[in-house]
Structures are given as C-alpha cells and as structure tokens.
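Values reported hereafter were calculated over all heavy atoms of this structure, with side chains retained and with hydrogens, waters and symmetry mates removed. Note that the structure is predicted; figures quoted are calculated from it, not measured.
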Amino acid sequence: NHQYAGIAVAISSFLFYGLKSITFQSSFRLSYKTFTGLLLAQLVLLSYAGHQGGNLTHGADYLSLSQLTSTQHTKPKSLTETMVFEDLVLPILENKCQQCHQNGKKKGDLLLLSYQDLLKGGKNGPAIVLGSFAQSEIFRRVTLPTEHKEFMPTDGKPALTIEEIALIKWWLDEGKGAEKLRFTDIPSHEKMSQTASVILGIGGNTIPTSNTLITEK
C-alpha cells in the first residue's frame, strides 16, 4: 500500500503541475473550488502514503493510545545499573529485527517486541532456549551465511555486528536467557564489560572485533 500510494502521489503531482502550467491555463482555467478540491485530494493521498510508511517502520499500532502515552526507557548510566535483556538485548532487537517482527508485519508469525514474544516464538517454535545459544533459533538465524535463505535480518537490512551477536550468545549461555537479570550478577560479566559499555555509550571507544567474541566458550 505504501509503494502504490507513493507512486500515485508522484503521478498525481505531475498531473497537478500540468494542470497549473501556463500552457494549460491559456486554454482552460481551473476554478478556485476545483483547484482547492484537487489540492485537498492530493493532501489526503500524501497523508495516506506517509501513514502506510509509518506502519512499515514502526508497526501498525504506532499511533495507538498505548504507544502515544508510553514513556521512553531510561538508559542506565553505569554497568551496575544495567539489565542485560532490557538494556542490551532488547535494543538490539529493536534496531535490527523489529521492523519485520512487529504488530502489522509479523514474518514467520514471530513478534520480537518483548521477552514473552521470544519465549512464545513463531512457526518454527520458541526464538530462544534458556541456557543454550546453540539451540536458540534466533542465534542460529543471525549467524547463518548472509546468502542463506533463512539468514536474518532479510532484504539487505543491516546485519547484527560481531559484538551484538557475542552479547546475545553470552546472555543465552551464561545468563541463561533470563529476564530482569542485572549485568553484574553474571559471574563472567567482566569479559563483556567493554562491549556492553560501548553499546550503551557509557564509556570506552573501541570493542575487540575478533571472532573470539563469538567462538569463545
């Protein structure tokens, strides 16, 4: 709908411009009411196209009362305040996955809006298996070769970085995929401190880019 409405806006804009051209006006002049009516129709069409674009980007409920009244999650100021899923994992899903797994656009019958969505999963079962990154479908999908038909995210969207994948692996394996788990409560949190700090933007300038972030047990 967004695509077709956008094309219609482009075509009608050229036609509208032609109707107001000097050449056309010299032989046929539009009345004020007709001009106003066409202008309002163009505005409605443009608004519809923009609304459909909003549905694609933010979900079909982006103008719902719950969305409009929701409060933005406060980013933690230190790792001691950081919750693993809420502050680190969920923002990754929001940036890289939710465009295709949200209300109104639920590929594979999978939503990725909350922790409960991960547990519920989609047509291929739960998205995560607590305590096992190797058995978690979401981890398998994001680590497939980019040319694989099951690789996520699809359609040329930005893939997860090595650091983001390593963080999800660490959360699933050593954090047991738990919700409401504080970063510093995981005994091995120190090895992920630099990665978490940079993702949160609370310190550090670089992250090791070695594949050992993913392959290290």
Side-chain angles (χ1 to χ4, degrees), residues 1-76 86-118 120-124 127 138 141-142 144 146-161 164 198-201:
N1 290 341
H2 175 58
Q3 178 183 0
Y4 294 144
I7 293 173
V9 168
I11 294 174
S12 61
S13 295
F14 279 110
L15 292 175
F16 196 40
Y17 177 78
L19 290 174
K20 291 296 293 179
S21 65
I22 297 176
T23 302
F24 186 85
Q25 289 289 327
S26 63
S27 58
F28 182 81
R29 182 174 295 276
L30 291 175
S31 68
Y32 177 79
K33 289 184 177 180
T34 301
F35 175 81
T36 303
L38 290 172
L39 188 62
L40 290 175
Q42 177 76 341
L43 179 61
V44 171
L45 183 59
L46 180 63
S47 299
Y48 175 77
H51 176 64
Q52 294 303 315
N55 286 345
L56 284 176
T57 305
H58 305 294
D61 61 345
Y62 81 105
L63 289 180
S64 65
L65 182 61
S66 60
Q67 288 290 329
L68 294 175
T69 57
S70 63
T71 56
Q72 188 174 7
H73 180 70
T74 303
K75 183 183 293 186
E86 293 80 355
D87 296 320
L88 295 171
V89 177
L90 187 58
I92 294 174
L93 300 181
E94 290 173 347
N95 292 330
K96 299 295 180 68
C97 307
Q98 285 187 6
Q99 189 172 355
C100 293
H101 299 281
Q102 59 180 310
N103 294 318
K105 189 178 182 182
K106 190 166 60 172
K107 284 191 175 181
D109 294 327
L110 174 64
L111 285 176
L112 292 176
L113 303 177
S114 68
Y115 183 75
Q116 289 68 32
D117 292 332
L118 288 170
K120 181 180 179 181
K123 65 180 183 181
N124 294 310
I138 191 170
R141 293 295 187 101
V142 300
L144 287 170
T146 54
E147 66 273 9
H148 196 286
K149 65 178 182 179
E150 294 184 343
F151 172 77
M152 294 196 312
T154 59
D155 303 329
K157 297 180 178 67
L160 273 69
T161 64
E164 291 169 336
V198 175
I199 289 176
L200 290 170

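Contact of the Asn1 side chain with the Tyr48 side chain is registered, since non-hydrogen atoms from C-beta on lie closer than 4.5 Å. Leu39 has its side chain within reach of Phe16: a pair of non-hydrogen atoms, C-beta onward, lies under 4.5 Å apart. Annotation: side chain of Pro153 is in contact with side chain of Leu160 (closest heavy-atom distance under 4.5 Å).
In this structure a side-chain-to-backbone donor-acceptor pair under 3.5 Å is present from Lys96 to Ala159.
Taking NZ of Lys33 as the reference point, atom OG of Ser31 lies at 8.0 Å (rounded to 0.5 Å). Atom OG1 of residue Thr161 and atom CD1 of residue Ile199 lie 6.5 Å apart, to the nearest 0.5 angstrom. Taking CG of Leu88 as the start and CG of Leu93 as the end, the distance is 11.0 Å to the nearest 0.5 Å.
In summary, of the residues considered (Leu113, Asp117, Leu111, Ile92), a side-chain contact (heavy atoms from CB on, under 4.5 Å) with Gln98 occurs for Leu113 alone. Met152 pairs in a side-chain contact (heavy atoms from CB on, under 4.5 Å) with only one of the listed residues (Lys107, His101, Lys157), which is His101.
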Intermediate values then yes/no, side-chain contact (heavy atoms from CB on, under 4.5 Å), Leu110 and Lys120
CA-CA 8 Å; Leu110 174 64; Lys120 181 180 179 181; over 6 Å; no
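For the residue pair Val9 and Gln42, the shortest heavy atom distance occurs at O-NE2, 3.6 Å.
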